[in-house]
Amino acid sequence: MKLRRSRLYVPGNTPKMIPPAGLYGADVISLDLEDAVGPDFKVDARMLVSEALKIVDFGPGVEVTVRINPLSTEWGRWDIRQIVCNKLDGIYIPKVESPEDVILVDELVTDLEEKKGLPIGRIKLFATMETAKGILNSYEIARCSKRLEGITIGGEDLTADLGGERSSDGIAIHTARQLIVLAARAAGIQAIDTVYADFRDMEGLRKETELVRKMGYDGKACIHPNQIEVIHEVFNPTPDEIVHAVKVTNAIEEARKRGSGVIALGKKMVDRPIALRAEKVLARAHAAELPIPTIEEIKAIEETTSSGTGKGGGDD
Ligand code: COA
Ligand code: MG
């Protein structure tokens with residue numbers, strides 16, 4: 001599984017921000033040619049980003065992507081022509097409203113990969129829905145291209161399109177957020193949430209990230225390096241969640257050996273959906289290189305603790 005907990009936007013026309021962008025620990029960086037760059041600076045930003053892709057070493061592990069301008073603008077096609085190279089991992093397409101918006105980018109990228117002698121299909125695509133129309137078409141969009149590995153929601157533009165208000169409870173975009181995660185899951189790809197614009201408000205960021213994690217999101221975009229740590233903390237499984245997941249996986253394995261699909265763990269029943277959730281927690285922990293104790297280690301610690309306190313049994 002590819003971890004995409006955090007996705008840092010880096011303005012494509014800010015030379016000092018680009019070279020260190022990979023060092024802050026974000027899973028994904030998105031060099032931005034769209035809304036971070038004013039119309040008069042689009043061409044210069046494109047040059048800067050295409051050069052940076054060739055010469056900057058963003059470090060190991062980070063997924064290097066570019067947010068292009070929509071193909072409906074005068075810049076979109078030229079963005080793609082100039083950025084496609086062997087250092088580019090992915091392209092974020094903004095303001096996607098229909099599958100055609102993605103298919104066109106897919107075809108252009110394939111054409112360029114062929115012409116430039118690059119492996120076909122290595123560059124991934126990500127579609128951002130940020131209009132009512134885009135949100136309502138999100139399932140068709142999510143399954144329209146093999147290159148598509150995730151869909152995202154653009155909270156600010158969507159709120160403007162809806163005529164709602166961006167508030168801390170996120171009510172204006174709540175249904176849209178749910179539709180995006182439903183579409184992503186139905187298509188078997190990832191769902192990545194929008195930015196939290198108040199980059200000095202860490203508590204607000206944590207609350208919003210917790211909300212979208214509970215909704216099923218895989219990650220969240222950010223605009224400032226300081227936001228990355230909070231986002232990772234929220235998306236990483238906690239040590240307790242990891243221990244519980246190991247116990248669940250072990251319990252369901254024991255049940256399977258006995259020919260059953262259900263078993264009790266502490267005071268709760270464990271069945272297939274619970275086991276599946278546990279598997280996801282362990283996959284996340286593994287991808288994030290978090291420590292995963294074995295069931296024997298957990299039992300040994302629990303025995304020591306319970307003999308020490310005189311209390312018996314866990315409370316799962
Ligand atoms: N990417 C890379 N580096 C960034 C960064 C980003 N998005 N945001 C800040 N930094 C760097 C700064 O260059 C500075 O580096 P330095 O210490 O080496 O000088 C450091 O992080 C601290 O930055 P700070 O002074 O706190 O913020 P700022 O006033 O320089 O920048 C913003 C604030 C909002 C202008 C800036 O974070 C930004 O441009 N974010 C991206 C906006 C964007 O892309 N929007 C479009 C998508 S929604
Ligand atoms: Mg937008």
Side-chain angles (χ1 to χ4, degrees), residues 4-39 41-42 44-46 48-49 52-53 56-59 62-73 75-76 79 83 90-97 101-102 105 126-135 138 141 150-164 166 170 172-173 176-177 180 192-202 204-205 208-209 212 219-232:
R4 295 193 180 94
R5 297 163 299 184
S6 60
R7 167 183 172 230
L8 177 66
Y9 274 112
V10 186
N13 59 344
T14 315
K16 88 168 189 112
M17 285 190 190
I18 296 177
L23 304 177
Y24 299 112
D27 294 326
V28 182
I29 57 170
S30 281
L31 307 174
D32 190 20
L33 298 175
E34 201 220 6
D35 283 350
V37 180
F41 302 94
K42 293 282 188 195
D44 288 351
R46 184 195 294 143
L48 182 63
V49 165
L53 284 172
V56 176
D57 179 2
F58 290 103
V62 61
E63 184 170 48
V64 179
T65 70
V66 173
R67 178 168 74 166
I68 58 168
N69 289 285
L71 288 198
S72 55
T73 66
W75 306 291
D79 290 345
I83 60 170
I91 295 176
Y92 278 79
I93 318 166
K95 302 190 175 66
V96 172
E97 295 202 313
D101 293 339
V102 175
V105 174
F126 303 86
T128 303
M129 274 60 96
E130 41 196 333
T131 59
K133 191 175 167 192
I135 297 292
S138 50
I141 294 166
I151 52 175
T152 77
I153 172 169
E156 304 297 334
D157 281 283
L158 180 61
T159 306
D161 191 48
L162 295 174
R166 194 93 159 85
I173 61 167
R177 274 188 168 133
I180 288 292
I192 297 156
D193 190 50
T194 189
V195 300
Y196 187 78
D198 187 350
F199 61 91
R200 306 270 180 232
D201 173 13
M202 292 302 148
L205 171 67
E208 187 167 286
T209 311
V212 298
K220 185 163 175 63
C222 58
I223 52 167
H224 193 284
N226 286 355
Q227 296 183 309
I228 296 168
E229 195 181 336
V230 171
I231 292 176
H232 286 196

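We count ligands from 1, going down the list as the structure has it; atoms in each ligand are counted the same way.
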*Does NZ or CZ of R46 come closer than 6.0 Å to the centre of the six-membered ring of F41, within 45° of the ring's axis?*
no
_Please check this pair: side chain of K220 against backbone of T194, looking for a donor-acceptor N/O pair closer than 3.5 Å._
yes
_Test item: side-chain donor near acceptor, Y196 and D201, under 3.5 Å_ = yes
Please tabulate, one line per pair, the protein N or O atoms found under 3.5 Å from any N or O atom of ligand 1, giving the distance to one decimal.
from: ligand 1; atom 1: 7 (N); to: Y9; atom 2: O; distance (Å): 2.7
from: ligand 1; atom 1: 7 (N); to: I223; atom 2: O; distance (Å): 2.8
from: ligand 1; atom 1: 13 (O); to: K16; atom 2: NZ; distance (Å): 3.1
from: ligand 1; atom 1: 19 (O); to: K16; atom 2: NZ; distance (Å): 2.7
from: ligand 1; atom 1: 23 (O); to: H224; atom 2: NE2; distance (Å): 3.3
from: ligand 1; atom 1: 26 (O); to: R200; atom 2: NH1; distance (Å): 3.3
from: ligand 1; atom 1: 26 (O); to: R200; atom 2: NH2; distance (Å): 3.3
from: ligand 1; atom 1: 26 (O); to: H224; atom 2: NE2; distance (Å): 2.7
from: ligand 1; atom 1: 27 (O); to: H224; atom 2: NE2; distance (Å): 3.4
from: ligand 1; atom 1: 37 (O); to: I223; atom 2: O; distance (Å): 3.2
from: ligand 1; atom 1: 40 (N); to: I223; atom 2: O; distance (Å): 2.8

*Backbone N or O of M17 within a donor-acceptor pair of the T14 side chain at under 3.5 Å?*
no
*Have a look at the Mg ion (ligand 2) and estimate, to 10 degrees, the angle subtended by OE1 (E130) and OD2 (D157).*
90°
*Among side-chain atoms of R67 and S30, is any donor-acceptor pair under 3.5 angstrom?*
no
*asked:* Just to verify, what does R5 make a salt bridge (Lys or Arg N to Asp or Glu O under 4.0 Å) with, not counting sequence neighbours?
replied: D27
